[in-house]
Amino acid sequence: MESVKESIVIDCKSETVTSINQMIRDFAKNNIKEVIIENPLARHNLGVCITDPIHLIYNGDVGYYAVSLCDKVTATINGNCGWAVGENLMSGEIVVNGNAASSCAASLRGGIVVVKGEAGARAGISMKGGTLIIGGNTGYMTGFMMQKGKMIICGDAGKALGDSMYDGVIYVGGKIAELGNGTKVEEVSEEEKDEIKSLLDFYQIEPPPSFQKIVPNGLLHHFNKKEFRVWKEIL
Amino acid sequence: MERNLIRKSKVWSPEKIEEIQEKAQIGRYRIRGQATKRMDLPSFDDLVFTPAGLSRVPLEGYRERCDTKVVIGEGKVKRPLVLETPIMIAGMSFGAINAHSKKALGIAATRCGISTCTGDGGMHPIEREYSEKLVYQLLPSRYGLNPYDLKKADAVEIVVSQGAKPGTGGTLLGHKVSEEVAKMRDLPAGVDQRSPCRHPDWMGPDDLGVKVEQIREATDYEVPIFIKIGAGRVYDDVKLAAKVGVEAVVIDGMEGGTAASPEIQLDHTGIPTISAVVEAAQALYDIGMKHEVKLIIGGGISNGADAAKAIALGADVVYMGSAMLIALNCQRPIYIEDYHALGTEPGACHHCHTGKCPVGIATQDPELMARLDPTAAAERVENYINSITMEMQIFARSCGKSRVSDLDPTDLRSLTLVTSYITGVPLVGLGGKKPYFASLDHGSSFKDLLKV
Ligand SMILES: Cc1cc2nc3c(=O)[nH]c(=O)nc-3n(C[C@H](O)[C@H](O)[C@H](O)COP(=O)(O)O)c2cc1C
Ligand code: SF4
């Protein structure tokens, strides 16, 4: 096996987004273990479509689509994120030591995205797998049309939580402003509690005293004229 | 004695009565495949070409070439999409149609030097294998999207909406969500699938600009990017899409096909293709981007006349779905008892949504699928595409144009006032001027009459 090299620094100040992405891809291909991205300056599309293993450390705020369309990548973002951090991640891990704007982990397919602070609207929208952990509160339509996967929200959740979800599970530690259509609340099993606790301990997130579990109620799985009330709410 | 004549009403037509009674049964809007069945839409049939005579010279058939090639993204991306003829096979999802149909369409498109498109639901390995040029759709649902397939695409099409159901997401009824379809879409098998109508990670045109940059980064600026929009607010939408910086805008008129849409929406949303092409072309002219951004037009295109007229009105390429399925075998009078079992007959079928397609196209049922032989079907589609190319060339040549893309609105005349008004193409007979007798009336003197 080729030897694994250590860390390389990219200073975004003097580079274009395209050259930064190209460098990261080349480093990943050449078995560099870690890239430190200095001065991201909230630019968009930093770390797109990286599909070889590498660890990215962003020192500062990032714009839209950081670490998006990636596979096998791990990343630590020491700052806040614009829209859609971790969009369509296939596998790997993203830890945001800050807040995330709208649509974090949109269409997540695998791996884990951890937002230590707050998340905006539509967190985990259309999730197709993987795990999303939010240390703080989330906004409107979180988990909309979720298909698979797991979401753990330690704070409060905005309105329309899990609306139209097909499958998957959402745990909420704080208050739920309003449950989305086609969802129901279930008991959290001891096994699930242990799993949530160990995940939060691992990421050093203070756990709330208890969680509610939201799953689909199945009423939107098949049209049923007797459930007009539920179907009237959807497009 | 009073005779009771049997008279049908327009207000309460048999169709309306049937519709009311069906809704009274099922408790929801009707869902079906194919396209709008409205009979009153303005169409390309309302235009005719004005071939060359003495004022223009037609091209000779044999030696005088008539070029059909179109290149999308030339000078802008590393791998522009080259189409040997200005036709693209429109996106039809794996799920709506099956792998046999995808294979046949791929073989035919490859032989004709044109592209196919994944549609919703991801890139099926069979269609990638058989389509030399494959457009990868990125839809609100994001079904089957992954970075590896993105890199395998020859163009990426960001779908905002479809002509058959603008403003809503997709529908795939449970009996078509087979194990394989469910796996590709990450859904529970057998579920009535509805997909979102808004993208999960961008909202308006400014965000879309960032999204386009993301796809450029992901595809290394190699392939062209399109935006597809169902025809509604075409003039404004096209301007916004073009400003985002894509290589092509796809406009899908209200006649556009589907595998499943609410019927009420098929008939009452969007604008007809003929009006959409004019608005779209005008929008590109008005922002000075007509030559920079290619215009792809779909929705009810059925032959070389429709295609050539759309091009004359400003389109660069036509985008065809339903007609390709018909060339595959859709509506063919075979297995007639199965059409009857669905309550329909060949020529009137719109039952793609049921998953029980009698000819094995819009179905995932292995027994029905076996009815479509991909090799024979590919040959039919190839023949059909070639026929459209030849038909387009007939019009271009007879109008004295050595390239199909040189057709323009001055080659056309309108048969109806409405179409003339919509397109700006003069009515037949006027030649843009008043007739010689226009100055005469009942009061004209005998002398004046003799002058004409
Ligand atoms: C069976 C079928 C499935 C379709 N699936 C999709 C799809 O997945 N995504 C999409 O953007 N359009 C889809 N369309 C619409 C076509 O891409 C295209 O816009 C339309 O067919 C053009 O109109 P035409 O059918 O009259 O040629 C589908 C159409 C048909 C007939
Ligand atoms: S024949 Fe098949 S593809 Fe054609 S309209 Fe009927 S169900 Fe749809």
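In what follows, chains are A, B, ... by sequence order, proteins preceding strands, each numbered from 1. Note that the coordinates shown come from a computational prediction; the quantities given were computed from them, not determined experimentally.
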Of all of [options], which one pairs up most often with chain B through heavy atoms under 4.5 Å apart?
options: A/C104, A/S164, A/S102; value: A/S164
options: A/D167, A/D71, A/I50; value: A/D71
options: A/E87, A/H44, A/Q22; value: A/E87

Per-residue contact mode, [X] against chain B (heavy atom under 4.5 angstrom):
X: A/Q147; value: both
X: A/L220; value: both
X: A/S107; value: side chain

- Message: How close do A/I20 and A/R43 get, counting heavy atoms only, and between which atoms?
- Response: CD1-NH1, 4.3 Å
- Query: So which heavy atom on A/K13 is nearest to which on A/L41, and how close?
  - Reply: CG-CD1, 4.1 Å
- Task: Heavy atoms only, distances under 4.5 angstrom: which of B/G174, B/S195, B/P262 has the most pairs with chain A? Name it, please.
- Result: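 Counting heavy-atom pairs under 4.5 Å, the top option is B/S195.
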[X] versus chain A, heavy atoms under 4.5 Å apart: side chain, backbone, both or neither?
X: B/T219; answer: neither
X: B/K211; answer: both
X: B/R185; answer: backbone
X: B/Y143; answer: both
X: B/P200; answer: both
X: B/I26; answer: backbone
X: B/Q265; answer: neither

Report yes or no: do [X] and [Y] form a side-chain donor-acceptor pair below 3.5 Å?
X: B/E157; Y: B/Y136; value: no
X: A/N88; Y: A/R109; value: yes
X: B/H268; Y: B/T36; value: no
X: A/N181; Y: A/D163; value: no

- Give the ring-plane orientation class for A/Y64 versus A/W83, where under 30° counts as parallel, over 60° as perpendicular and anything between as tilted. parallel
- Task: Would you check, one step at a time, whether the test side chain to side chain contact (heavy atoms under 4.5 Å, CB included) holds for B/Q193 with B/T171?
- Result: CA-CA 6 Å; B/Q193 172 239 291; B/T171 307; 5.9 Å; no
- Please list, chain by chain and in numerical order, all residues satisfying salt bridge (charged side-chain N to carboxylate O under 4.0 Å, His left out) with B/E127, sequence neighbours excluded.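 Applying salt bridge (charged side-chain N to carboxylate O under 4.0 Å, His left out) to B/E127 gives B/K102.
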- Message: Looking at B/K133 and B/D154, is there a salt bridge between them, counting it only when a charged N and a carboxylate O are closer than 4.0 Å?
- Response: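 Here B/D154 does not pair with B/K133 in a salt bridge, since their nearest N and O are not under 4.0 Å apart.
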- Message: Which residue is it: B/E19, B/Q25, B/Q21? I am looking for the one with a side chain to side chain donor-acceptor pair (under 3.5 Å) to B/K23.
- Response: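 The single option meeting the side chain to side chain donor-acceptor pair (under 3.5 Å) with B/K23 is B/E19.
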- Can you check side-chain hydrogen bond (donor to acceptor under 3.5 Å, both in side chains) on A/N45 and B/E217, steps first, answer last? CA-CA 8 Å; A/N45 295 318; B/E217 290 295 324; over 6 Å; no
- Note on the structure: Filtered by a 4.5 Å non-hydrogen cutoff, the part of residues 112-122 of chain A contacting chain B is A/R122
- Query: For the side chain of A/N80 and the backbone of A/N99, is there at least one donor-acceptor N/O pair under 3.5 Å apart?
  - Reply: yes
